Amino acid sequence: MKKFYITTPIYYVNDMPHIGHTYTTIMADVIKRYKKLRGYDVFFLTGTDEHGQKIEKSANKQNITPKELADRVVKRFKELWEILNIEYDNFIRTTDSYHMKGVQKIFKKLQNKGDIYPGEYKGHYCISCESFVSDTAKNSDNGNKICPDCGKTTEKVTEKCYFFRLSAYRDKLLKYYEKHPDFISPKTRMNEVTSFVKMGLNDLSISRSTVKWGISVPGDSEQTIYVWFDALTNYITGINYYKEDEMFKKYWPADLHIIGKDILRFHAVFWPAFLMAADIGLPKKELVHGWWLKDDKKMSKSTGNVLDPKILLEHFNPDSIRYFLMREASIGSDGNFSHQGFIDRINTDLTNDWGNLISRTGGMIEKYLNNEFKLSVKYSKREEQIKKEYITLEKNVLESFDNYQYNKGLKKILGFINYLNKYIVETEPWNLAKSEENREKLNAILKTLVRAILSINALFSPVIPETSEKIKKIFNFSESGFGWKDPGEIFKINKVEQLFPRVSNKDFFSNKNGEKEKKMEDEKISEDEGLINFDYFKKVEMVVAKIIDVKKVENTDKLLELIVDAGTDKRTLVAGIAQYYKVEDLNNKKIIIVKNLKPIKLRGILSQGMILAASDANGRPYIPIIPEETPVGAILK
RNA sequence: GGCGGCGUAGCUCAGUCGGUAGAGCAGACGGCUCAUAUCCGUUAUGUCGGGGGUUCAAUUCCCUCCGCCGCUACCA
């Protein structure tokens, strides 16, 4: 029996489960169920990532231990997966001992090989912020750096840590990509990865002495292993890499890692390099999916538009959610989620088409045949035709599913359902039922419908498994597997229940979730007009600053490094204006800077703000010079 | 700035290895009554992002411009 090992990423317990986690996990579950039907021995791994400073900090805030925090979130994930009928084979937690031992094992292996070596991280440490300050932060009088966050003088610290020799794997990775062009799918993601690797790779710091909540480095209790090394390793520890027993030998290498585009680099560059270093085979394929946008906007905690699947579960059954996510997004590109879109999709596809087909078929069998087929019948050409067309359809659908194009496959299935609805209208069973002489014909039509329904039901089963089971029960049918179904000459059916109750807009939007939803749509409208309110504007801090030193950034054409006095502090700015402004043009001038812009490193120098300048159509900057008498630090509003 | 992708009906998208375009949803009209006011049929709408070129012929190939997205950079 062929094996198939599929994984989701492990989810960081700093976040409650949302639609993104749900999407990835449902996709994995659908693939698992599909592969199982295709005769594979499937193993499906999911779990949680529980180490790291963030977890440590949030736990502290809530006055609980990191493990307690993780336990709470894990419970939420497991509950949701149960509701959504996710059949994972193992739920790994990075705090599980078999995982931790496995991580240490591979770490040790790389150490022995020399691919992990002790090194030094030289840095400037801010004690009050408990964090490292960039090399490029500005100096204080005594030569130490000043913390850009709190302004206090930092201490020079030389910290021991371990590095992974990533630089040595550049060519090997590129060769691997070339040999396995389908390793990363879709192709655009593969291009991104290769161009990134081509630019060269630096060795990777893979341990921290400042993080306590983590797996300790073997033989060095001062250090914990970097969370990404810890997390990625789950894919092998989850199938017993520590023991390297039969299970590991059977399932590794993974056949499919499902990941989101945000974690591409870790999976497509670092993870393969770690495995190469450890002489472990590489996963066969990584499928990169996009994000779910909410009303065309990225979901994020800060905008507060993260979608909790529980809201949907208040109105819809789990299969509806599974169906929508698989039907609506094509792998690779971002999907868009709107509540209206969700309601429409479920009502048209599942309620009107699929649910109703079963309902009307069952209704007729009840009404005309008293829920029982007593006759053995001959099928006419028309019925044979339906069988033939189903077989063609099935081939096409399976082909789509094999390529993980579930949206395409499902679309095709819906087309066939429409075809069956037409068949009913054309044959008019309700007229045949009026006279006894058409009994056999009526039987043949209804039986054909049952056979078609059961056949389609199998195709649908990986995506909507719960409904699929219900349908089998209605028709007293127990076989699974694909192909044209035949429940036999004589059989009974049970009363049809409503499989997908209709949810009207009124039902959905009248409760408080709907209100919330509506409010958000209103907000969206005002944003669309391009206007911002005053509070929003106030967030931008602009002040007058005096330039106290200017120099060109070495080896660049466009960049100037400026030291400015912003009133409260002195800070470094990097600006791409060297082609238009000379050092002497700017020295001692007063200008406007944006003070609270997120600092960014440019050419290795940390730029802590931005010079305000007008720019013309060619991008040429014009810096407004402020009158000399203006006080430094004056706020613009 | 570089690399890649995209821009097709009101909405979501398919498609054309060159012969002026489709599907679903929403809309309009009609039919049926087995069915969850469901189903079936008919039907409107598009200068296929703008401009230029190659060609007998371009939405499809080439160039250029505009807009959007992703990655990346000496953008901030």
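Per chain, numbering begins at 1; letters A, B, ... match sequence-line order. Please read these numbers as outputs of a predicted model, since none were measured by experiment.
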query = Can you tell which of B:G70, B:C34, B:A35 lies closest to the side chain of A:S359?
reply = B:A35
query = Where the side chain of A:T188 is defined as all heavy atoms beyond and including C-beta, which of B:G24, B:C74, B:G5 is the nearest nucleotide?
reply = B:G5
task = Apply ring-ring contact (aromatic ring centres under 6.0 Å, His included) to A:F477 and list each qualifying residue two or more places apart in sequence or on a separate chain.
result = none
ask   = With a non-hydrogen cut-off below 4.0 angstrom, is A:L499 in contact with a base, only sugar-phosphate, or nothing?
value = base
task = Describe, in one word, how the ring planes of A:F266 and A:F270 are oriented to each other, choosing from parallel (under 30°), tilted (30 to 60°) and perpendicular (over 60°).
result = perpendicular
Nucleotide nearest A:K367 when distance is taken to its side chain, options B:U36, B:A35, B:G70 = B:A35
key: Closest non-hydrogen atom pair, A:V425 against A:W430   = CA-CH2, 4.1 Å
query = Between B:C40 atom C1' and A:D353 atom CG, what is the distance in whole Å?
reply = 12 Å
query = In B/S/- notation, 5' to 3', how is nucleotides 26-33 of chain B contacted by protein heavy atoms closer than 4.0 Å?
reply = ------SS
ask   = Does the distance from a Lys or Arg side-chain N to an Asp or Glu carboxylate O, for A:E192 and A:K261, drop under 4.0 Å?
value = no
message = Tell me the interatomic distance from A:E328, atom CD, to B:G24, atom C1', rounded to whole angstroms.
response = 10 Å
inquiry  = Closest approach to the side chain of A:N191, judged atom by atom: which nucleotide of B:U38, B:C74, B:G4 is it?
reply    = B:G4
inquiry  = Strictly by side-chain hydrogen bond (donor to acceptor under 3.5 Å, both in side chains), give each pair with a member in residues 171-182 of chain A just once, sequence neighbours left out.
reply    = none
inquiry  = Within the 4.0 Å heavy-atom criterion, would you say A:N418 contacts the bases, only the backbone, or no part of the nucleic acid?
reply    = sugar-phosphate
ask   = With a 4.0 Å cut-off on heavy atoms, is A:L559 in touch with a base, just the backbone sugar-phosphate, or nothing at all?
value = sugar-phosphate
query = Which residues satisfy the salt bridge (charged side-chain N to carboxylate O under 4.0 Å, His left out) test with A:D402, sequence neighbours excluded?
reply = A:R38
ask   = Residues in side-chain hydrogen bond (donor to acceptor under 3.5 Å, both in side chains) with A:Y169, at least two apart?
value = A:D115
message = Tell me the interatomic distance from A:Y406, atom OH, to B:C13, atom P, rounded to whole angstroms.
response = 22 Å
request  = Examine B:G41: is either OP1 or OP2 under 4.0 Å from a nitrogen or oxygen in the side chain of A:K422? Give yes or no.
outcome  = yes
note = Taken to the nearest whole Å, CG/A:N347 to P/B:A37 is 11 Å
query = For RNA chain B, what string of dots and brackets results from 5' to 3' when Watson-Crick and G-U pairs need both distances under 3.5 Å, crossing pairs get [ ], and pairs with another strand get |?
reply = (((((((..((((........)))).(((((.......))))).....(((((.......))))))))))))....
query = Between A:L357 (CG) and B:C39 (C1'), how many Å, whole number?
reply = 10 Å
query = With a 4.0 Å cut-off on heavy atoms, is A:A575 in touch with a base, just the backbone sugar-phosphate, or nothing at all?
reply = sugar-phosphate
message = Could you work out, with salt bridge (charged side-chain N to carboxylate O under 4.0 Å, His left out) as the rule, every residue matching A:E469, not counting sequence neighbours?
response = A:K472
query = What orientation do A:W228 and A:H267 show, parallel under 30°, tilted 30 to 60°, or perpendicular over 60°?
reply = perpendicular
task = Among the candidates B:U38, B:C74, B:C71, find the nucleotide nearest to the side-chain atoms of A:N356.
result = B:U38
ask   = B:U36 C1' sits how many Å from A:K495 NZ, rounded?
value = 13 Å
query = Reckon A:R345 has a side-chain N or O less than 4.0 Å from the OP1 or OP2 of B:C25?
reply = no
task = Determine the Euclidean distance between corresponding C1' atoms of B:A23 and B:U16; express it in Å to zero decimal places.
result = 15 Å
task = Taking salt bridge (charged side-chain N to carboxylate O under 4.0 Å, His left out) as the test, write out the residues that go with A:E366, two or more places apart.
result = A:K495
task = Name the nucleic acid region contacted by A:G609, choosing base, sugar-phosphate or nothing; use a 4.0 angstrom heavy-atom cut-off, strictly under.
result = sugar-phosphate
message = Could you tell me how far apart A:K558 (NZ) and B:A73 (P) are, to the nearest whole angstrom?
response = 14 Å
remark   = When rounded to whole Å, the CG to P distance for the pair A:N505 and B:U36 reads 21 Å
note = Sorted by chain and residue number, the salt bridge (charged side-chain N to carboxylate O under 4.0 Å, His left out) partners of A:R345 (sequence neighbours excluded) come out as A:E328, A:D349
remark   = Side-chain atoms of A:T351 come closest, of B:C34, B:C40, B:U36, to B:U36
